[in-house]
Structures are given as C-alpha cells and as structure tokens.
Colleague: 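Let me begin by handing over the structure; questions about it come next.
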Protein chains: 2
Amino acid sequence: MPNDRMSGRPGPTLRSQILLYGLLGGGLIALLRLIEYRWLVLDHSIEIYGGLIAALFAGLGVWLGLRLTRPRETVVVREVVVEGGAAFVRNDAEVEAMGLTPRELEMLELVAVGLSNREIAARAFVSENTVKTHLSRVFDKLGASRRTQAVQRARQLRLIA
Amino acid sequence: MPNDRMSGRPGPTLRSQILLYGLLGGGLIALLRLIEYRWLVLDHSIEIYGGLIAALFAGLGVWLGLRLTRPRETVVVREVVVEGGAAFVRNDAEVEAMGLTPRELEMLELVAVGLSNREIAARAFVSENTVKTHLSRVFDKLGASRRTQAVQRARQLRLIA
DNA sequence: CCCGAAATCATCCCTTCGGGTGACGCGCGG
DNA sequence: CCGCGCGTCACCCGAAGGGATGATTTCGGG
C-alpha cells in the first residue's frame, strides 16, 4: 500500500501577511521621507533613496517568495510494496535440466495437491497404470523414491507452486 | 532497493544573474529619473517613485526567490520493497484450532520434507509404529487420508513452511 | 488421588505405492 | 524406413502407508 506525506504548517494567513507588509511599506516610505528632510539634502539623494527601497523590497520579495514556497519544497512520495501477490513463476530452465516431459510435470502437480494415483488417473483421463509409469519416471528424474520427497524437491527447484 | 531522484536544471549561474539584475536596477533608476524630469514634476512624485521601485523590486524578489527555490520543490523518495525473504511464520491459532500436539506437528514437518515413516522414526528416536499412530491422528485432524494431502492442507493453513 | 491428555508401542488387515519389465501406437528427424 | 522420445497400458511383487483397536506410562490439574 502506497503511503504519501506532505509537510504543511499552520502559521498566519496569506491575507494578514499582505496587510502587514503593506503597512510596513507605507511606514518605511514615511520614514525615508522624514530622514531625507532631516539630513539627506544631497544632489543624488534620489539614487540613494531608490536604491534603498529597491534593495529592501528585493530582499523582502526574496524572503516572501521563499516563505511562500517552502511548504512545498519537501514533497515526499514513499511507496512501499508489502508482501505482494508474488505470483509463482516456473523455473523452465530447471524443468529442461531435469528432462521432465509436459505430461510428467502435470502428474507431479497433481501429486503435489495430495491426490492418489487413482484420483490422478481419473482427472487426467488415463489408467492408473499410466499414472504410475509417469510418476516412476518423475521419481527417477528427480532422484526421489517417495512422492512426498518428489514434491519437496520439485518445490525447491520451483518446478511447481 | 530504494531509488532516489532529484530534479535539477543547468541554466545561468547565480553570479551572472546577480550581475544582470544589478544592471537592470541601475537602468531602471536612470529611466525613472528621466521620466521624472520629463513629466513627473508633481508634489508627491517621491511617493509614486518609491512605490514603483518598491513594487517592482518586491515582485522581482518574489520571482527570484521562487526561481531559486523551485529546483528543490520536488524531492521524491520512492522506496520499493521487492518480495524479500518473507520468513515463514507459523499460524499458531490454526494449529490450536486443529488441535495438533507438538509431537504431531513435528511428525508432520518431517513428512513434509519427504521422509518415510522409518526415517522419521529414526530421526525422532521412536518406533515406526509410534510415527504411524501420530500421523494417523494428524491425518484425522486435518481431514486427510494421504500424507501428500496432509502436507498440502498444512501448507495452506500455514502450519508448516 | 484419580482423570484425562499426550506420548509411546504393538498387532492385524487391507490399500496404496514404487520398482521392474514388457508392449503398442504416434510423430519427428536422420 | 528406422530409431527414438513420448504417451499409453498391463502385470507382478514387495515395501510402505493407512485404519482400527488396545495397552502402558507419564504428567498436570481438579
């Protein structure tokens, strides 16, 4: 099951921040004018004035931009697959190596689900004797002498589920 | 295996951007002065002037801040667990429900690995007859009539690996 | 102290399984 | 055409497995 998390913080609303900065800006301008009338009666006061405002608001803008964006900077998508279906995949290479024919593998599978030779014969539409010969060959190829042993071997080699 | 990706883009260097914005600011101030000398000979031109600069640089700052931060805004951590060992855990509740005794479960496990009654007897230091009685009870409790069937049932109920 | 669950072993009987051997038909490739 | 692998079936025999029943011991709880 995927698990997503996104960081977010409460803090002041956007509306109140705009209001605050507006007032701050107004106050700043008034302050600057006052300063100018006091002791900034220079020729190029206009450049200094503009430069100050520019620098201040640029910094403010950067800070504001950062602050507004920050909550989005850690979008973490964590995807964890827990014990999926893990569908069985037959190890065909091993089947080949063991020299098992399709029919033999089929019989082996039926043995694995706990059927008797008689039941297997019925399900595969062949005689019980045929099942026995097939299984004999299977046991021989897998090096098993009992059906439970054959099933165990086949499972280890991923021949059957 | 975890797989991390972080978006990044080439673009202009920070140094060249600062230079660019500095020149832009200088040019802007010159432009504003020119405009003022042409037709902005008002009483409150100083407020308009400052406001314009403030607004422009604030916007510039916001844009700059956003631009600098943007590359970090998509940090995606994708963690995928690929069907690990998935160690076997016995379903003890089911064992209880089946009424299997420890000894019976032990015998069942030995059957599952393909051993004959004789081999099981040797491994558990009991007589073959004992193994048979234990297994008889197991088959009875699991509703099985053959050892392969019992193994299959036990596997489904997660009584054995 | 007795009961009952669990573990142990045994004996009888029948079924199932596994090994060995032989045989027949079919299709494919040398 | 012949050989070979595959699938099919049959018979025999001994070993293994499974069902039923009974007996003994040990241990823990009522």
Side-chain angles (χ1 to χ4, degrees), chain A residues 90-157 159-160, chain B residues 90-157 159-160:
Chain A
R90 166 164 294 118
N91 188 344
D92 291 308
E94 205 63 51
V95 173
E96 198 66 22
M98 287 292 119
L100 287 179
T101 70
R103 201 59 164 163
E104 286 165 356
L105 192 54
E106 187 187 340
M107 301 282 161
L108 181 55
E109 283 171 339
L110 295 175
V111 167
V113 296
L115 299 182
S116 69
N117 289 346
R118 191 180 303 273
E119 290 166 334
I120 295 173
R123 191 168 299 199
F125 305 108
V126 295
S127 89
E128 203 177 328
N129 289 310
T130 304
V131 174
K132 288 181 64 177
T133 49
H134 278 311
L135 288 182
S136 276
R137 285 197 250 275
V138 170
F139 296 156
D140 191 37
K141 289 171 180 175
L142 291 185
S145 52
R146 282 171 293 283
R147 47 179 51 226
T148 47
Q149 201 176 25
V151 169
Q152 157 78 348
R153 278 231 200 295
R155 230 182 271 277
Q156 280 186 334
L157 298 174
L159 305 180
I160 59 178
Chain B
R90 164 163 295 120
N91 187 344
D92 291 308
E94 204 64 50
V95 173
E96 198 66 22
M98 286 293 119
L100 288 178
T101 70
R103 201 59 163 162
E104 287 165 356
L105 192 55
E106 187 186 339
M107 301 281 162
L108 181 55
E109 283 170 339
L110 294 175
V111 166
V113 297
L115 299 182
S116 69
N117 288 347
R118 189 179 303 274
E119 289 165 335
I120 294 174
R123 193 168 299 199
F125 305 107
V126 294
S127 88
E128 203 176 329
N129 289 310
T130 304
V131 174
K132 286 181 66 176
T133 48
H134 278 311
L135 288 182
S136 277
R137 284 196 251 276
V138 171
F139 297 156
D140 191 37
K141 289 172 180 175
L142 291 185
S145 51
R146 284 171 292 282
R147 45 182 47 225
T148 47
Q149 201 177 23
V151 169
Q152 157 77 348
R153 279 231 199 296
R155 232 181 270 274
Q156 278 186 334
L157 298 174
L159 305 180
I160 59 178

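Computed from a predicted structure; not experimentally measured. Letters go in sequence order (proteins before strands), and every chain restarts at 1.
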Colleague: Start with the C-alpha gap between B:V151 and B:V111, add the side-chain angles, then the distance that decides, and say whether side chain to side chain contact (heavy atoms under 4.5 Å, CB included) holds.
Modeller: CA-CA 7 Å; B:V151 169; B:V111 166; 3.7 Å; yes
Colleague: Taking DNA chain C as the partner, which of residues 99-107 of chain A come within under 4.0 angstrom of it by heavy atom?
Modeller: none
Colleague: Can you name the residues that form a side-chain hydrogen bond (donor to acceptor under 3.5 Å, both in side chains) with A:E104, not counting sequence neighbours?
Modeller: A:T101, A:K141
Colleague: Tell me, which of residues 133-155 of chain B have any heavy atom that sits under 4.0 Å from an atom in DNA chain D?
Modeller: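 Residues of residues 133-155 of chain B under 4.0 Å from DNA chain D: B:F139, B:S145, B:R146, B:R147.
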Colleague: Kindly compute the distance separating CG (B:D92) from CG (B:L100), expressed to the nearest 0.5 Å.
Modeller: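 Going from the CG atom of B:D92 to the CG atom of B:L100 covers 11.5 Å.
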Colleague: Please list, chain by chain and in numerical order, all residues satisfying side-chain contact (heavy atoms from CB on, under 4.5 Å) with A:N129, sequence neighbours excluded.
Modeller: A:S127
Colleague: Quick one: pull up CG in B:L115 and CZ in B:R123 and give me the separation to the nearest 0.5 Å.
Modeller: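 Between B:L115 CG and B:R123 CZ, I get 4.5 Å after rounding to 0.5 Å.
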Colleague: Between residues 109-121 of chain B and DNA chain C, which residues have a heavy-atom gap below 4.0 Å?
Modeller: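 Nothing qualifies; none.
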Colleague: According to side-chain hydrogen bond (donor to acceptor under 3.5 Å, both in side chains), who are the partners of A:E106, at least two apart in sequence or on a separate chain?
Modeller: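 If we apply the side-chain hydrogen bond (donor to acceptor under 3.5 Å, both in side chains) test to A:E106, skipping adjacent residues, the hits are A:R103.
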Colleague: Which atom names give the shortest non-hydrogen contact between B:L135 and B:M107, and what distance separates them?
Modeller: CD2-CB, 3.8 Å
Colleague: When rounded to the nearest 0.5 angstrom, what is the spacing between OG in A:S145 and CG in A:D140?
Modeller: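 If I round to the nearest 0.5 Å, the distance is 11.0 Å.
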Colleague: With heavy atoms of chain A within less than 4.0 Å as the criterion, where does contact along DNA chain C begin and end?
Modeller: C:dT16 to C:dG19
Colleague: Restricting to side-chain hydrogen bond (donor to acceptor under 3.5 Å, both in side chains), what partner residues turn up for A:K132, sequence neighbours left out?
Modeller: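 For A:K132, no residue satisfies side-chain hydrogen bond (donor to acceptor under 3.5 Å, both in side chains) once neighbours in sequence are set aside.
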Colleague: Please name the pair of heavy atoms, one in A:I160 and one in A:A112, separated by the smallest distance, quoted to 0.1 Å.
Modeller: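 Nearest pair, atom of A:I160 first, then A:A112: CD1-CB, 3.5 Å.
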Colleague: Can you name the nearest heavy-atom pair linking A:E94 to A:L157, along with the distance?
Modeller: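 So the minimum-distance heavy-atom pair works out to CG-CB, 3.7 Å.
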Colleague: For the residue pair A:A154 and A:L108, what are the closest heavy atoms and their distance?
Modeller: CB-CD2, 3.6 Å
Colleague: For DNA chain D, find the residues of residues 125-132 of chain B with a heavy-atom distance under 4.0 Å and give them by number; none if there aren't any.
Modeller: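 Only B:K132 qualify.
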Colleague: Applying side-chain contact (heavy atoms from CB on, under 4.5 Å) between A:V126 and each of A:T133, A:V131, A:I120, report the one that passes.
Modeller: A:V131
Colleague: Between the protein and nucleotides 28-30 of chain D, which nitrogen or oxygen pairs are less than 3.5 angstrom apart?
Modeller:
none

Colleague: Determine the minimum heavy-atom distance between A:R90 and A:L105, stating which atoms define it.
Modeller: NE-CD2, 3.5 Å
Colleague: Rounded to the nearest 0.5 Å, what's the gap from CD on A:Q156 to CG on A:N91? Could you check?
Modeller: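 Answer for the CD-CG pair, A:Q156 versus A:N91, is 12.5 Å.
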Colleague: Can you list every salt bridge (charged side-chain N to carboxylate O under 4.0 Å, His left out) pair that touches residues 111-122 of chain A, not counting sequence neighbours?
Modeller: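 Output for this query lists A:R118-A:E128, A:E119-B:R146.
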Colleague: Please round to 10 degrees the angle between the axis of the first five pairs and the axis of the last five pairs in the helix from C:dC1-D:dG30 to C:dG30-D:dC1.
Modeller: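 Nearest ten degrees gives 30° for this helix.
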Colleague: Taking side chain as C-beta onward, heavy atoms only, is B:L142 less than 4.5 Å from B:Q149?
Modeller: no
